[in-house]
Number of protein chains: 2
Amino acid sequence: MVKIADVAREANVSVATVSRVLNKKGSVRPETCERVYKAIEKLSFEPNMSARNLRRNETRVILIVAPNITNPYYAHILAGVGDEARKSGYSALIYNTGGDEEREKNGMDMLKKRRADGAILLASNLDSMWLSEYADKYPIVHCSEYVKGLDIPRVSIDNYKATLEVMEYIISLGHKKIATISSSNSYISTLLRLKGYKDTLERHGIKVRKDYIALADAEYSFKSGKAAAFKLLQQKDRPTAIFCISDTIALGAITAAKEMGLRVPEDLTVTGFDDVDYTTMFHPYITTVAQPCYDLGRKSFKILHACMNKTNDIEKKVVLPHKFIIRESSAPISICD
Amino acid sequence: MVKIADVAREANVSVATVSRVLNKKGSVRPETCERVYKAIEKLSFEPNMSARNLRRNETRVILIVAPNITNPYYAHILAGVGDEARKSGYSALIYNTGGDEEREKNGMDMLKKRRADGAILLASNLDSMWLSEYADKYPIVHCSEYVKGLDIPRVSIDNYKATLEVMEYIISLGHKKIATISSSNSYISTLLRLKGYKDTLERHGIKVRKDYIALADAEYSFKSGKAAAFKLLQQKDRPTAIFCISDTIALGAITAAKEMGLRVPEDLTVTGFDDVDYTTMFHPYITTVAQPCYDLGRKSFKILHACMNKTNDIEKKVVLPHKFIIRESSAPISICD
DNA sequence: ATTCGGAATGTAATCCATTACATTTGCTTG
DNA sequence: CAAGCAAATGTAATGGATTACATTCCGAAT
């Protein structure tokens, strides 16, 4: 293991000088500098990060706590965080929780142990008050989901407003019997989307029916979406439109509808949310709300970076623009209905 | 920052004893042990990893070098590596290369800098001989792709054999005009799948036609798969079956076929590869080769772990079983043809 | 009672880069 | 030419956990 002392000996200078060259701090004569570089090159020296981290009390590593990196939605955010982090010389440690809060806490202990300088949380439950304890001591940023009432910086889209747009659109198509497939998880986005659904119906004088609200599982799985859709569509007074809170669920709904002999969008309008890759991989292309996942990730890192550097003006609430995209899975209610 | 000395003072013992308790090494009287635990609890002490890493000359971090974590195939492997690593007390640093070899090298420098103890490479080009330089010095494992001729442990399926199975099946359906959509990348799997395609045709006395071999882009994008399929299908003497080297490409091919008014599988048989999530999210469900992604990841970590511990009997070539799954996108050649 | 041995605990060196502080070098200026 | 000052470089302390080696303690054996 080549260390700084070896380089110093080789270059005939002191370790301090080598360090100065390494960090471009303090003044060093150009020729000395050159000698040091030569020595570094010759011995192919690479500074030991553990030693540097110990001394500097930082790791240049950030932690990303995600429930499931297999989900393309999270994967895209991850990619954004990772790319932005790399640009600033940071590496990303990924901690997959599988939605388990206990594992989420274990992940956060990485901060205590100084394995990472800060964390980006991708999917905290809206009532995870225990987070405040960590937030007081370490730089933390919420991305996409967040805990209400905690003073932790967050980046997300406006889920409520996006839902209003979708719902207004569905209603403008003439639909009155509008169902929703929500989820059993406790994310703020789930809550806001459900609220947006209910509020729009009420504003239009349409009664919110309990039997028009179905739940998919916490991970928005295709299977559970399909099952929820079956439940909704098998009722005697079946809905003509389903507002799904994720694309995978929408996909499940479309599949369920097809298997029941219903055509989408002719017999049933289905909308999704997030706009993951496969919304346009087959017909009908899904009408959905596109989230700027990659940018959510990038912005989250930028804010975390600011927090870690103790910059003063830290943005506490960043809302990135979404995009409502009308495609093929939605259509005016058919006249024969 | 609470350190080991503070705990020692609080518990009225020396730092050595605290360390012994922490690492369960050496003998400590139970009651002393208890006192130390109490002190740790009281001060809520967490060992500083940088210091520990420096002393132990290890990081308990592994590096995963992936071309694109957004691709569900890689994401599943990642999940497997991550879960298995966590079980052994390791964390996973993810380095996204975007397929850029330069970035792959930068990633590997994490090893030199002691930021990670070992690395799992998910997508090395088959001719990346420069890797041997690293492999000599650091624990490295190849997962899914590998470099021919290098003595680096690897985990993968038998791409050649799997391809033979698919091809034999397609031929058994009566197809003679069989095309393939390969990729412009330089992965060993791409090579083997193409070779499997050609070899099977030849064994059956079917000439390999250049105009039946199309190329998708390096990332197997849906778009490029669709474009390649268009090219194949617009020929006067169009193929009746397409062997695609990835599911995304198969999806593109199916979409292209549909847009041209061809039915799958009645007019065209399409097969995929990998069995990612969305192969059964819509009809026709894709006939494909299922790879045990999660287990490929887990096994890769296990081997890396063995390497890092300098265990003697390290498995150099692990081949995990694949599964050929016949679904809806393939069918006997129609009689009217 | 004395000695021996192992368990229990302590002291101090070590890992390596950074940096405060000290020293030297070299130039400018009166 | 000496003083003064800045630039250049060096010395040694520092960060926190681990661990080789040293010491103390206590019971068993003689």
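Within every chain, numbering begins at 1; the chains are lettered A, B, ... in the order of the sequence lines, protein sequences first and strands thereafter.
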Please report, to 0.1 Å, the donor-acceptor pairs under 3.5 Å made by any side chain of residues 295-306 of chain A, with sequence neighbours excluded.
unit_1   : atom_1 : unit_2   : atom_2 : d
A:Arg298 : NH1    : A:Glu84  : OE1    : 3.1
A:Lys299 : NZ     : A:Glu315 : OE1    : 3.0
A:Ser300 : OG     : A:Leu296 : O      : 2.7

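- Between B:Leu54 atom CG and C:dA13 atom C1' the separation is 13 Å, expressed in whole Å.
- When the nucleotides D:dA17, C:dT19, C:dC16 are ranked by their closest atom to the side chain of B:Ile4, D:dA17 comes out on top.
- Atom pair A:Lys113:NZ and D:dG16:C1' shows a separation of 16 Å (rounding to whole Å applied).
- Taking side-chain N and O atoms only, A:Asn23 has no distance below 4.0 Å to OP1 or OP2 of C:dA17.
- Going from atom OG1 of B:Thr311 over to atom CD1 of B:Ile314 covers 6.0 Å, rounded to the nearest 0.5 Å.
- For the pair B:Met1 CE and D:dA17 C1', the interatomic distance rounds to 13 Å; values are reported in whole Å.
- The nearest whole Å value for the distance from the CG atom in A:Asp6 to the P atom in C:dC15 is 11 Å.
- To the nearest angstrom, C1' of D:dT19 lies 11 Å from CZ of B:Arg56.
- Remark: A:Lys3 is not in phosphate contact with C:dA17, judged by side-chain N or O atoms under 4.0 Å from OP1 or OP2.
- Applying the salt bridge (charged side-chain N to carboxylate O under 4.0 Å, His left out) rule to pairs touching residues 2-12 of chain B yields B:Asp6-B:Arg9, B:Glu10-B:Lys42, sequence neighbours excluded.
- Checking side-chain atoms of A:Asn96 against main-chain N and O of A:Pro67 turns up a donor-acceptor pair under 3.5 Å.
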Result block: side-chain N/O donor-acceptor pairs under 3.5 angstrom for residues 135-142 of chain A, not counting sequence neighbours:
none

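- Using a 4.0 Å heavy-atom criterion, one finds that A:Asn57 contacts no nucleic acid atom at all.
- The CZ atom of A:Arg114 sits 11 Å away from the P atom of D:dA17 (whole-angstrom rounding).
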Between protein and nucleotides 7-10 of chain D, what N or O pairs are separated by less than 3.5 Å?
unit_1 : atom_1 : unit_2  : atom_2 : d
D:dA8  : OP2    : A:Ser27 : OG     : 3.2
D:dT9  : OP1    : A:Thr32 : OG1    : 2.4
D:dT9  : OP2    : A:Arg29 : N      : 2.8
D:dT9  : OP2    : A:Thr32 : OG1    : 3.3
D:dG10 : OP2    : A:Ser14 : N      : 2.5
D:dG10 : OP2    : A:Ser14 : OG     : 3.1
D:dG10 : OP2    : A:Thr17 : OG1    : 3.0
D:dG10 : N7     : A:Arg20 : NH2    : 2.8
D:dG10 : O6     : A:Arg20 : NH1    : 3.3

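- For residues 54-64 of chain B, the pairs satisfying salt bridge (charged side-chain N to carboxylate O under 4.0 Å, His left out) are B:Arg56-B:Glu58, B:Glu58-B:Arg60, with sequence neighbours left out.
- Applying the salt bridge (charged side-chain N to carboxylate O under 4.0 Å, His left out) rule to B:Asp313 yields no partners; only residues at least two apart in sequence or on another chain are considered.
- Summary for the helix from C:dA1-D:dT30 to C:dG30-D:dC1: the axes at its two ends, each from 5 pairs, differ by 50° when rounded to the nearest 10 degrees.
- Using a 4.0 Å cutoff on non-hydrogen atoms, the parts of residues 37-53 of chain B near DNA chain D are B:Phe45, B:Pro47, B:Asn48, B:Ala51, B:Arg52, ordered by number.
- Checked against ring-ring contact (aromatic ring centres under 6.0 Å, His included), B:Phe45 has no partners two or more places apart in sequence or in another chain.
- Within the structure, the ring-ring contact (aromatic ring centres under 6.0 Å, His included) test picks out no pair touching residues 55-80 of chain B (sequence neighbours left out).
- Taking atom CD of A:Glu58 as the reference point, atom P of D:dT14 lies 21 Å away to the nearest angstrom.
- Every side-chain contact (heavy atoms from CB on, under 4.5 Å) that A:Leu150 has, sequence neighbours left out, goes to A:Met129, A:Leu131, A:Ser132, A:Val147, A:Ile152.
- Screening residues 108-130 of chain A for salt bridge (charged side-chain N to carboxylate O under 4.0 Å, His left out) gives A:Asp109-A:Lys112 as the qualifying pairs, with residues at least two apart or on separate chains.
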